[in-house]
Amino acid sequence: MKVVIVNPTYNEKGNIDRLIPVLESEIFPQIKNHDMNILVADDNSPDGTADEVKKLMQKWKNIDISQGEKHGLGAAYIRGMTYAIEEMGADVVFEMDADLQHDPNKIPEFLKKIDEGCDMVIGNRYSDGGSIPQNWPLPRKIFSIVANLFVRAIFMKFSVHDWTGGYRALKKEVFLKEREELTNYKGYIFQISFLHKAIRDGFKIGEVPFHFSDRNLGKSKIAPLGYIMEVFKFVISTRIREILLGKFGKFLVVGGIGFFINFIVLKVLSDSFHWDHSWANLVGAALAIFSNYNLNNIWTFEERKAKDIGSYLLKMAQFYATSAFGVIFIQTGTIFLGDRLIGEGQFLFFLPIKYYYIYFVVGTGFLLIWNFTIYNKIIWRKKPHK
Ligand code: GDD
Ligand code: MN
């Protein structure tokens, strides 16, 4: 396979000078089964990085350079990977910093994982022998670790340890599939968003632990505060969108339709047919639950729906039982406890709001969580793969 190591550079003259000879004379000769190449993605560095690279290109013919304007690390990678694949014919591309923080001796391990069938291999600084620099000040170490834990927890993806790092290898198919969407992520956030999309689309991810060494020459280009904000914004907004567009969002829509059915039936039976309101509401609620059950079965949990009449009826019985338990014990129970433990109160600060409104809203929130959890984990639980 043709492999291209993409090194983004911005003012890395002294570093790229040292990295390229190591790759060419120490690392590439160890790799017999792949055609190894280098692409420097330089953003017109004022220190003359590009001129240095052009000198090295005289000596080694497997080096190329892509030059452009500076729009951030992600933008440089998108331009560089596009060039590596379209102009150089790469099957596999690497992401690698030019400042020697990424131990080049690990390259064969990344390739081995690709050969074994991984689509994207992530350098891992946080477990299995990977590490961050010993001499980093404590706050920086803590931030680095906490940020990655945060991303793993919010995305609920604990099997991938290093979301922010920039030492990776990937097949061209992964990049070509995600390129379009990645153009929105021009800075360092490119790393998290790329990995997130690759996992979402089912690409096989592997990890290689490595020791992230400290920078010796030159300066980091990251702006820590802006980056923290960007990570936070990206992770939270992506997760909220996933939840609302996923099963939980459908469940809320179904519940909204049910609420509407309940209300219309209550109103029609009461006003037009002069039923007692309680009976009218019981009929409305029973019909709403019936609608909720069927819509959840054919839409929210479409791929896990009841396959035969027996399981359809069993699920329906479980569904009515869950709904009844939730309304009586969870929603009504919250109002009961609120009244007794906190009180009935007449005012919220200075607003004349009776507290039971609040207990009702909170109780309904608990009810939604209860219902969704039981539907998702019990009634329409995932069948284990055989
Ligand atoms: N072409 C180009 N354009 N290169 C850039 C740009 C840019 O706008 N910004 C940074 N680079 C290059 C640097 O010259 C270096 O080779 C590499 O990208 C990494 O940049 P550093 O400035 O050294 O980043 P860092 O060491 O602080 O950040 C590392 O950790 C981050 C967080 O875990 C990198 O590994 C990042 O990829 C990683 O996101
Ligand atoms: Mn660096």
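All ligand and atom numbering here is 1-based and tracks the order in the structure.
- Residue Thr164 holds the heavy atom nearest to atom 39 (O) of ligand 1 of all those in Thr164, Leu100, Val6.
- Using a 4.0 Å cut-off to heavy atoms of Gln101, the atoms of ligand 1 that qualify are 23 (O), 26 (O).
- Which parts of ligand 1 touch Gly72 is read off a 4.0 Å heavy-atom cut-off, strictly below it: atoms 3 (N), 7 (C), 8 (O).
- Among Asp162, Ile222, Thr49, Asp97, the residue whose heavy atom lies closest to atom 17 (C) of ligand 1 is Asp97.
- With hydrogens and angles ignored, the 3.5 Å screen pairs a side-chain donor or acceptor of Thr332 with a backbone N or O of Val327.
- Residue-to-ligand polar distances keep Asp42 apart from ligand 1: every N/O pair is separated by 3.5 Å or more.
- By heavy-atom distance, the residue among Asp214, Thr9, Ile16, Ile192 lying nearest atom 4 (N) of ligand 1 is Thr9.
- Salt-bridge annotation for Asp119 and Lys204: absent, with no side-chain N of the basic residue lying under 4.0 Å from a carboxylate O of the acidic one.
- In this structure, Phe232 and Phe150 have parallel ring planes: the angle between them is below the 30° cut-off, well short of the 60° mark.
- Residues Thr49 and Asn11 have side chains that never bring a donor and an acceptor to within less than 3.5 angstrom of each other.
- In summary, an N, O or S atom of Asp99 is located under 2.8 Å from the Mn ion (ligand 2).
- Within ligand 1, the atoms closer than 4.0 Å to a non-hydrogen atom of Gln191 are 37 (O), 39 (O), numbered from 1 in the order shown.
- Residue Arg215 approaches ligand 1 through these ligand atoms, each under 4.0 Å from one of its heavy atoms: 21 (P), 22 (O), 23 (O).
- Of the protein's non-hydrogen atoms, the one nearest atom 8 (O) of ligand 1 is Lys70 NZ, 2.7 Å.
- Every atom of ligand 1 with a heavy atom of Asp99 under 4.0 Å away is listed here by number and element: 23 (O).
- The contact set between ligand 1 and Arg125, taken as ligand atoms under 4.0 Å from a residue heavy atom, comprises 33 (O).
- Using a 30° and 60° split on the angle between ring planes, Phe372 and Phe248 fall in the perpendicular class, above 60°.
- Taking a cut-off of under 4.0 Å to the non-hydrogen atoms of Ala98, the atoms of ligand 1 that pass are 16 (O).
- Close approach of ligand 1 to Lys221 is summarised as follows: ligand atoms under 4.0 Å from at least one heavy atom of the residue are 9 (N), 10 (C), 21 (P), 22 (O).
- Nearest protein heavy-atom neighbour of atom 12 (C) of ligand 1: Pro8 O, 3.5 Å.
- We find that Asp47 and Lys13 are not joined by a salt bridge, their nearest charged nitrogen and carboxylate oxygen being 4.0 Å or further apart.
- Of the charged side-chain nitrogens involved, at least one lies within less than 4.0 Å of a carboxylate oxygen, so that Lys55 and Glu52 count as a salt-bridged pair.
- A salt bridge (charged side-chain N to carboxylate O under 4.0 Å, His left out) with Lys247 is found for exactly one of Glu302, Glu242, Glu303, namely Glu303.
- Among the atoms of Ser220, no N, O or S atom falls under 2.8 Å of the Mn ion (ligand 2).
- Between Tyr167 and Phe94, the two ring planes are tilted [angle within 30° to 60°].
- The protein heavy atom nearest to atom 27 (O) of ligand 1 is Ser220 OG, 2.5 Å.
- Between Phe155 and Phe234, the angle of the ring planes goes over 60°, which puts this pair in the perpendicular group of the 30/60° scheme.
- Under the 3.5 Å distance criterion, the side-chain polar atoms of Asp276 are matched with a main-chain donor or acceptor of Ser278.
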